[in-house]
Amino acid sequence: MENNNQTSTDFFLLGLFPPSEIGLFSFIFIVLIFLMALFGNMSMIIVILLDTHLHTPMYFLLSQLSLMDLNYISTIVPKMVSNYLFGNKSISFIGCGVQSFFFITLAGAEGLLLACMAYDRYVAICFPLHYVIHMRKRVLVLMITGSWIMSSINSCAHNIYALHIPYCRSRTINHFFCDLPAMLTLACMDTWVYEYTVFVSTTLFLVLPFISIACSYGRVLLTICRMHSTEGRKKAYSTCSTHLTVVTFYYAPFAYTYLCPRSLRTPTEDKILAVFYTILTPMLNPIIYSLRNKEVMGALRRVIQRICCSKCRQSSH
């Protein structure tokens, strides 16, 4: 039920958890995933920062992915958990805009970053002698700042439009966060222009990066097949399959949600798919990259040993 204290400018999020035992189980499950995502992504950032063996372009980009995932899941889950615990599902008009801004910014930036990571692997495997030139520090900085700036501009444009249209229907959003397409179903004007811009944005930030990733890995697979070293082939396959797993988990549900016509989707489907790219992917990324990467696991052991040794020296003194 709506909170009686909700003002006329507040929105009301129906949320993800039904008022039942299944809802309680889902709530506990999501909280555990959130904690795992925080621990996993913070661990990746710290390990890459502290271990000099990982001070390479690939791991710098990976640390940026962990930073984005950390902010990404923190934009969605804390508010959702707070609403469930306190039974107050309202979110202010400004709060909805802020959450939506960070969500769109981080979603777009991560889509572009995954394409940058694919380019990194493409250069490393197909043009290893030119890798240092193509992936120098200046290029890395341009990749990261470009991803953030382009995504922020896109997010500003969407939010300025969405927050300046009249909402004259029920302010109940059938979602667990302020997703703009779900908000605009409540508008009392025709929003076909906005739906067109959503299609354009999804094409720019998801479809085109995905096509570039597919093309990059098509070329990478050809190069791998020509490798004479069995060990080199195994390492290249491992790195590429890891990245492709992450890309599939992220792009597939996102693209379906924002490219498929609204008439062919249900709010329940949208919420289930949103769980994949807002909650599960930030938790799975550090697990996939660490468990399938010997260098990361080795760096993690070295960092733990260093911390344990420093504690032993302090206790002996």
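Bear in mind that the values here come from a model prediction, so they are computed numbers and not experimental data.
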Starting from the C-alpha separation in whole Å, work towards a yes-or-no answer on side chain to side chain contact (heavy atoms under 4.5 Å, CB included) for Y289 and V296. CA-CA 8 Å; Y289 277 110; V296 172; 5.7 Å; no

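- A 4.5 Å side-chain heavy-atom check between M143 and Q64 finds every atom pair outside the cut-off.
- The aromatic ring centroids of Y194 and H158 lie less than 6.0 Å from each other.
- Checked by atom type and distance alone, the side chain of Q99 pairs as donor or acceptor with a backbone atom of T75 at under 3.5 Å.
- Within 6.0 Å of CZ on F93 lie more than 12 heavy atoms contributed by other residues, nucleotides or ligands.
- The CG atom of L180 sits 4.0 Å away from atom CD1 of I104, with the distance rounded to the nearest 0.5 Å.
- Counting heavy atoms from C-beta on, the side chains of N83 and F176 never come closer than 4.5 Å.
- Both V275 and I73 are assigned to one and the same hydrophobic cluster, defined by single-linkage of ILVMFWY side chains at heavy-atom distances under 4.5 Å.
- Counting non-hydrogen atoms of other residues, nucleotides and ligands closer than 6.0 Å to CG of L85 gives a total above 12.
- Note that CE of M68 is 8.0 Å distant from OG of S151, once rounded to the nearest 0.5 Å.
- Looking only at distances, no side-chain donor or acceptor of E110 sits under 3.5 Å from a matching main-chain atom of A107.
- Counting all heavy atoms, side chain and backbone alike, Y72 lies closest to P282 at CD2-CG, 4.1 Å.
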For I91 and D10, what are the C-alpha separation, side-chain angles and deciding distance, and is it a side chain to side chain contact (heavy atoms under 4.5 Å, CB included)? CA-CA 6 Å; I91 182 170; D10 285 346; over 6 Å; no

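- The shortest distance between side-chain heavy atoms of I211 and V207 falls below 4.5 Å.
- Formation of a donor-acceptor pair under 3.5 Å by the Y119 side chain with backbone atoms of L114 is not found in this model.
- Under a 3.5 Å cut-off, the side chain of S155 and the backbone N or O of F101 do form a donor-acceptor pair.
- Between the side chains of Y59 and E295, at least one donor-acceptor pair of N or O atoms lies under 3.5 Å.
- Across every non-hydrogen atom of G95 and S92, the tightest pair is N-OG, 2.9 Å.
- Hydrophobic clustering of Ile, Leu, Val, Met, Phe, Trp and Tyr side chains at less than 4.5 Å, counting indirect connections, unites M36 with L67.
- When hydrophobic clusters are built by joining Ile, Leu, Val, Met, Phe, Trp and Tyr residues whose side-chain heavy atoms come closer than 4.5 Å, directly or via intermediates, L38 is grouped together with I288.
- Of the inter-residue distances, the one linking F103 atom CZ with T278 atom OG1 reads 7.0 Å to the nearest 0.5 angstrom.
- No hydrogens or angles considered: a donor-acceptor pair under 3.5 Å links the side chains of N159 and S100.
- Checked against the 6.0 Å centroid criterion, the rings of F254 and Y250 qualify as a close aromatic pair.
- For R265 (side chain) and T257 (main-chain N/O), a donor-acceptor pair under 3.5 Å exists by modelled atom type.
- Contact between P78 and F34 at its shortest, heavy atoms only, is CG-CZ, 4.0 Å.
- Across S216 and A118, no two heavy atoms sit closer than the pair CB-O, 4.3 Å.
- No option in D179, T202, D270 other than D179 meets the side chain to side chain donor-acceptor pair (under 3.5 Å) test with Y258.
- Judged by a 6.0 Å distance limit and a 45° cone about the ring axis, R171 is positioned over the six-membered ring of F11.
- Linking ILVMFWY residues whenever their side-chain heavy atoms come closer than 4.5 Å, directly or via other members, places L24 and F17 in the same cluster.
- The line from OG of S90 to CD1 of I173 is 11.0 Å long, rounded to the nearest 0.5 Å.
- A side chain to side chain contact (heavy atoms under 4.5 Å, CB included) with P57 is found for one member of M135, H134, M117, K137 and no other, namely M135.
- Minimum heavy-atom separation, N41 to S66: OD1-CA, 3.3 Å.
- S63 places a side-chain N or O within donor-acceptor distance of the main-chain N or O of F60, the cut-off being under 3.5 Å.
- No more than 12 heavy atoms of other residues, nucleotides or ligands shown are found within 6.0 angstrom of CZ on F102.
- Residue C96 holds its SG atom at 4.0 Å from CE of M183, rounded to the nearest 0.5 Å.
- Residues N174 and L13 form no side-chain contact, since every pair of their non-hydrogen atoms from C-beta on lies 4.5 Å or further apart.
- By the 4.5 Å heavy-atom criterion applied to side chains, F205 and L112 are counted as neighbours.
- Put simply, the side chain of H164 reaches to within 4.5 Å of the side chain of I160, judged on heavy atoms.
- Atom NE2 of H55 sits in a crowded spot, with more than 12 heavy atoms from other residues, nucleotides or ligands closer than 6.0 Å.
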In sequence, state the C-alpha distance, the side-chain angles, and the governing distance for Y277 and F249, and then conclude on side chain to side chain contact (heavy atoms under 4.5 Å, CB included). CA-CA 7 Å; Y277 55 78; F249 268 110; over 6 Å; no

Criterion side chain to side chain contact (heavy atoms under 4.5 Å, CB included) on F39 and L35, from CA distance to verdict: CA-CA 6 Å; F39 176 77; L35 294 175; over 6 Å; no

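- The line from CZ of F210 to OG1 of T203 is 13.5 Å long, rounded to the nearest 0.5 Å.
- Counting only heavy atoms from C-beta outward, the side chains of P286 and S43 never approach each other to under 4.5 Å.
- With hydrophobic clusters built from ILVMFWY side chains whose heavy atoms lie under 4.5 angstrom apart, V31 shares a cluster with F29.
- When all heavy atoms are compared, the tightest approach of I30 to M80 is CG2-CE, 3.7 Å.
- The environment of CD1 in I22 is sparse: at most 12 heavy-atom neighbours from other residues, nucleotides or ligands sit within 6.0 Å.
- The closest side-chain heavy-atom distance from T56 to Y131 is not below 4.5 Å.
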